[in-house]
Protein chains: 2
Amino acid sequence: MDGSRPVWGYNPPPVKFDLATVYVSDAQYNRNIFFDTSPQAVRLYLLYNHWFMQTLVYAFIIVNLALALFEDPAVVPLPIWATSTIEIICLSAFSVRMVHYAKVIPKDKFWKDPKNICIIVVLSFIDLTIYGALKSTGYFAIRWSRVLRPLLLVNVTEGRQLRRAFRSIRNALPQISYVFLLFMFSVLVFSLVALKLFGKRGLLTIDGSPYFTDYLDIVFDLYVLVTTANSPDVMMPAYNYSVFFTIFFILYIIINTYTFMSFFLAVVYSNYKKHLKEEVRQLVKARRFKMCRAFSLLHEARGEGGEPVVTQTKWNHLVKLVKPNINIAHRELLWSVLDDQNKGHIGKFAFVQLADLLSIQVITVKSQPHPIQICFPSMYNSPVSRFIRYVVHQRMFVYVYDLIILVNAVFIGLDEENPVVSNAEWGFLALYMLEIILKLYATEPRAFFARHHFWNWFDTIIIVSALFGTIINSALKHSGGYTSRQILDIIFILRVLRLIRLVDSIKRFRAIINILIKIGPTILTFGQLIVVVYYIFAMVGMELFKGKVQFFEPNSTSPDQEYCGNPLLKGTTFAKLNYCKNNFNNVVSSFIVLLELTVVNQCGFTAVTHISARIFFVLFHIVVVIIIINIFVAFILEAFLVEYTIDKSDLQTSLEKKIEELELNVQQYVPFKPNRIELNRSIEGLLLLYFSGSRTVDGLLQRMFETDIRPEDFVEEEEPENINFSNPVFDSV
Amino acid sequence: MDGSRPVWGYNPPPVKFDLATVYVSDAQYNRNIFFDTSPQAVRLYLLYNHWFMQTLVYAFIIVNLALALFEDPAVVPLPIWATSTIEIICLSAFSVRMVHYAKVIPKDKFWKDPKNICIIVVLSFIDLTIYGALKSTGYFAIRWSRVLRPLLLVNVTEGRQLRRAFRSIRNALPQISYVFLLFMFSVLVFSLVALKLFGKRGLLTIDGSPYFTDYLDIVFDLYVLVTTANSPDVMMPAYNYSVFFTIFFILYIIINTYTFMSFFLAVVYSNYKKHLKEEVRQLVKARRFKMCRAFSLLHEARGEGGEPVVTQTKWNHLVKLVKPNINIAHRELLWSVLDDQNKGHIGKFAFVQLADLLSIQVITVKSQPHPIQICFPSMYNSPVSRFIRYVVHQRMFVYVYDLIILVNAVFIGLDEENPVVSNAEWGFLALYMLEIILKLYATEPRAFFARHHFWNWFDTIIIVSALFGTIINSALKHSGGYTSRQILDIIFILRVLRLIRLVDSIKRFRAIINILIKIGPTILTFGQLIVVVYYIFAMVGMELFKGKVQFFEPNSTSPDQEYCGNPLLKGTTFAKLNYCKNNFNNVVSSFIVLLELTVVNQCGFTAVTHISARIFFVLFHIVVVIIIINIFVAFILEAFLVEYTIDKSDLQTSLEKKIEELELNVQQYVPFKPNRIELNRSIEGLLLLYFSGSRTVDGLLQRMFETDIRPEDFVEEEEPENINFSNPVFDSV
């Protein structure tokens, strides 16, 4: 060390480390909160971000959302005082959380972020009071604040992904609306042509009503044709009259159903891509800014020319604080990546990379001798034992078990009441158990059950549960001849799930499955998005349509059963096809109706309440199908393009490359074994590092646009212009 | 001119120019035929490529395809001898074309390209002979060669675009098939779960048949659910039994209907993009190679260092041969772009760009004084006349007419039997005529009706036709009280078409419409693709299902009418919804059924012939919906991304930039006027150049991937490795 001062004994004040830790973990998890830097505020901030507090907030949100199950119209009715009490508890919890937030944040910044939550809480309280007062005096009242509930999911501090998704939608809206207006113009013009062509010809629909005589009806019918729900019914009367009229419908389908719908996807896709890129760029900027802050807390003048550096001691201390359960080997690996010239200290540029390094999942597995080898070394090393271990590690072993699974699949398909089939099941269970035992014999158990060996866990859980289920079931059967349908259902599903293992044996399938698993977390974000939108539409739908359509149990004898309890539905296809359970009578059936509307817009319920139902239907189609589903497709498209080309392009981050270059004395990648159960044939005493790409959504996003993020975006000291990511302003086209 | 030799009097042998002309126009139109370079072959080659010959070939193909209308099962039955004679004439024409091709091509290259056509022609002759022989002896016979007919469209020399589309599909097939297999695996596993969960519960469908008891039926039902055709019917029995069973369907829809279908789009899109880029790269390479050939025919040593150049005289001669109707101003513009240092000769690099320059559409409009100005100068320049011309050119004029159109739209929607409405129509017609006359007065007529003024033509044709139609109609009405429904239909459509002009007034809509117009030609290529696939499926479908379902005229009294003449359809939804006309009884209704299957897979006809119909249906869905529609969406997506970002990115070709840089003494762009009818307020005596991007599909493709085509791809002399573009070999993922 050149010109070193006695820094090794230097004991920094702990508060500095506390603050630095907060900056680093904020950078790692992409949190963007301007907290107060006083020691007390930092401690409160740590508590605020504690996983338990976050879980608690989500638990209260879920309870609050779940109230819809118990409120009128309810699945399980509860008295108003009970639901109101629960809601008040939830709202109080959110208020407490806001007070906590206010303590953490400087006073002048407080209103920037959580104002929406405050508004929601206050409005809910007002609504509750009014509702309670009106109900107690016997008036009619609506719980209108229920539509606000899902917005809590968006507005809590932890709802970053969801907020980003909503922002991306908001940014795409202007362009979508231009295409939508043109599309509506086209629908209106086509409707006018239809009115003029078919209106005077006296055609009848299959229901016997006049065909295409009312302009608004035509517009609605042709709009529905875009969703393909009423094809070919809407065309049949004209087609039956003359084959030439199909030209009108063919043109309509080509222009509106295909071209415009593709246009919507194209607009959503291009906007989504553009805005997301900008946001990710800002995210990276903010992350680097926070790392610079942490650096400025810990640095000291050293190195050539007295430039600020951070020593290894301080760095070790920091990493221990940020990630308390970090392995020493892992920590040293990280250090050696950063300090690649082995100087004992790192500069700012290297220090900033810590956040990225920490977000790369590295699983360390110590290779140890097998417990049986320790207890009975002579037996474990005998020729027979060696042969068994050799066989288990062969490809043939995998193929034999693939074959067994295939045979099993046939047996599953057969009638299980046949005694041969039910006895064969015991044989299959024995074979699978044998496989697991053999593998546990050949592999060190802790390595076998390492956290990243998904399929080993999957196999063991499936087989052991199936074994228990089958034993319980047969015990029940033998004791009293009684068979539980539920237990059988579970056993059957467990059996079928085994078959999934076949997919993992084929390399190309595994590649596709890996993409699916990678984009899984983002699909969850879209799941939340869908829940928010569905919940709002369900609340509105329930107020508008509750009780309009009734479902009668199949063995009911009520005469109303034929038309779902609503005379307006007499003789309609809706009643004929027994769609009565598709109603808005409670929140669960509302969600199912909305799902059906998403898939294909089965809109029989428009027959009941005329105009409002149609507007509701069209609005839902615009929001969910045209916007949200297209964003979903856009994300899958982009994620797929990134993942599918990853083998060829150099998308591996520079950090991954560095680790590879270093050729540390570790086996970095657990190669994908051809074996059905992943085995660690690890060389004794070696440290195994399982190295996976970053699993978080942010990580995937960053990788998506990595090639486009310029290295100049390395912010030095100045604050990023817009750390809370309000919408960047783009030039419209 | 430095050190010039007396080349101006030099008269080159004409054959050289002929050959060079062929090379240049081959380069311009991306033709890739290895013709013999003997003078006689070149002359034959010119004839081969003559537009008349090409039109003739397409006419014969269309006649050959249209034979399906007259052959059994026929729309208009013709005797076998008549259709056979026509088919023999068509096949002879193709044979003659092949003989012509053989004369043009060197013997050893002949079999490379047209072997497919020869095979099709020979097979068709064999089939015709067998069919004729069998029919005349009273046996059963099938015209199996009819499925080969549409392949002629793909295999003729002119079907380049179509061949490229097919190649792009073929290249994407391996990757699509992996995803498809995984998707089918998922469907099979879900079906097994469904069998186990629902099979034993004794549920019934709405038809009263057992629900989910047969494995193959379940697989088919769940496959159809992916197409969303049987949602929510397939779910209702399970949902009515217990709400928890919907979880199964929700999972299925999320995984298979949404995720896998998006995956298909993603795979098709990424492959399409990748392969197309490679093909366009090769196309550009081949084009440059041909231009080099032409250069080597015309060059002479001149310039500094005696490097080969082409003089302006020769170049002028060549351009006149390639494009006989080229304007002198246009030609001189092209020359000045190439010879930017004004040397009087150009080198190879500049010469090669001629093909690209020629494919850019440049419309020259000579600005001339108005004919009225010439005849009655004092009147035309009087203050009143000036004022009228001033008013016509104002934005207000456009707005007033937009308003008139809006009012007109309301009147169109009203009942036209009302005398006020029908009289108002005369008023509107007068107003529109006045608009056209005023604009013709304010603008020079030849400029007004210039080829690129699409909307002027559109307006005039629509209005004048509507005027004639209305006059004829009212004459008929007054003479005998007779009204022709057909004439009225045409008049109504013409009236509605006027409304489209509103779109052109709004800038953002015009931008979207322009994209639509740009990708129009490619949509036509996809149209051909669809025709080929539909024709094949229609032929097979007709052989399999003809006569199974019958349509009865609405006023028929036959008892079979209720079940479409097939007892198997008794009581099915297919018959109830009166879908009887959706059958395979002739080629027109087959096409319409296939279109319906494309939109939403209404597959009622599977009830008639069990297994073959299902296989047919699934195959059609895989080919058309999963592959072709996705390629269509992929193309729209890519075209949209290119066009929508064109304002900001530098996608304008280097050539366009050059023309801009030169700032020639011409007004190059006719700016988009706000006026509803485009006006050329041209400065007197100035040459107007209307400068549009290349309109051809190849041009659009080239622009799509232009940034990725490296300038190194400038092939010098060596022949491109694969001029006929068989498939480039790509590494599979």
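A note on names: the letters A, B, ... follow the listed sequences, proteins ahead of strands, and every chain is numbered from 1.
For a residue to count as touching a neighbouring chain, one of its non-hydrogen atoms must lie under 4.5 Å from one of that chain's; by this rule A/I592 touches chain B with the side chain only. Of the two parts of A/L265, the backbone and the side chain both hold a non-hydrogen atom closer than 4.5 Å to a non-hydrogen atom of chain B. Using a 4.5 Å cut-off between heavy atoms, A/R495 makes no contact with chain B at all. Only the backbone of B/L414 comes within contact range of chain A, with at least one heavy atom under 4.5 Å from a heavy atom of that chain. For B/I253, the part lying under 4.5 angstrom from a heavy atom of chain A is the side chain only. Contact of B/T205 with chain A is not made at all, since no heavy-atom distance falls under 4.5 Å.
Looking at heavy atoms from C-beta onward, A/V243 lies out of side-chain contact with B/V75 at the 4.5 angstrom threshold. In this structure, B/N582 and A/M236 have side chains that are in contact, with non-hydrogen atoms separated by less than 4.5 Å. Annotation: side chain of A/D489 is in contact with side chain of B/R201 (closest heavy-atom distance under 4.5 Å).
In this structure, CD1 in A/I636 is found 10.0 Å from CZ in B/F260, a value given to the nearest 0.5 Å. Separating the CG atom in B/L502 from the CG atom in A/L188 is a distance of 11.5 Å, to the nearest 0.5 Å. A distance of 11.5 Å separates CD1 of A/I491 from NZ of B/K196, quoted to the nearest 0.5 Å. Going from atom CE of B/M235 over to atom CG of A/L595 covers 6.5 Å, rounded to the nearest 0.5 Å. In this structure, CD1 on A/I512 lies 12.5 Å from CZ on B/F183, to the nearest 0.5 angstrom.
For the set B/V193, B/V503, B/D233, B/L499, the entry with the most heavy-atom pairs within less than 4.5 Å of chain A is B/D233. No other option in A/L182, A/I513, A/I629 has as many heavy-atom pairs under 4.5 Å with chain B as A/L182. Contacts with chain B were tallied for A/F632, A/Y241, A/Y258, A/Y269; A/Y258 has the most, counting heavy-atom pairs under 4.5 Å. Of the listed residues (A/F263, A/F190, A/Y239, A/F185), the one with the most heavy-atom contacts under 4.5 Å to chain B is A/Y239.
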Working for side chain to side chain contact (heavy atoms under 4.5 Å, CB included), residues A/E596 and B/T246:
CA-CA 11 Å; A/E596 288 171 9; B/T246 53; over 6 Å; no
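Taking both residues in full, the closest heavy atoms of B/S262 and A/V633 are given as OG-CG2, 3.7 Å, listed atom of the first, atom of the second, then distance.
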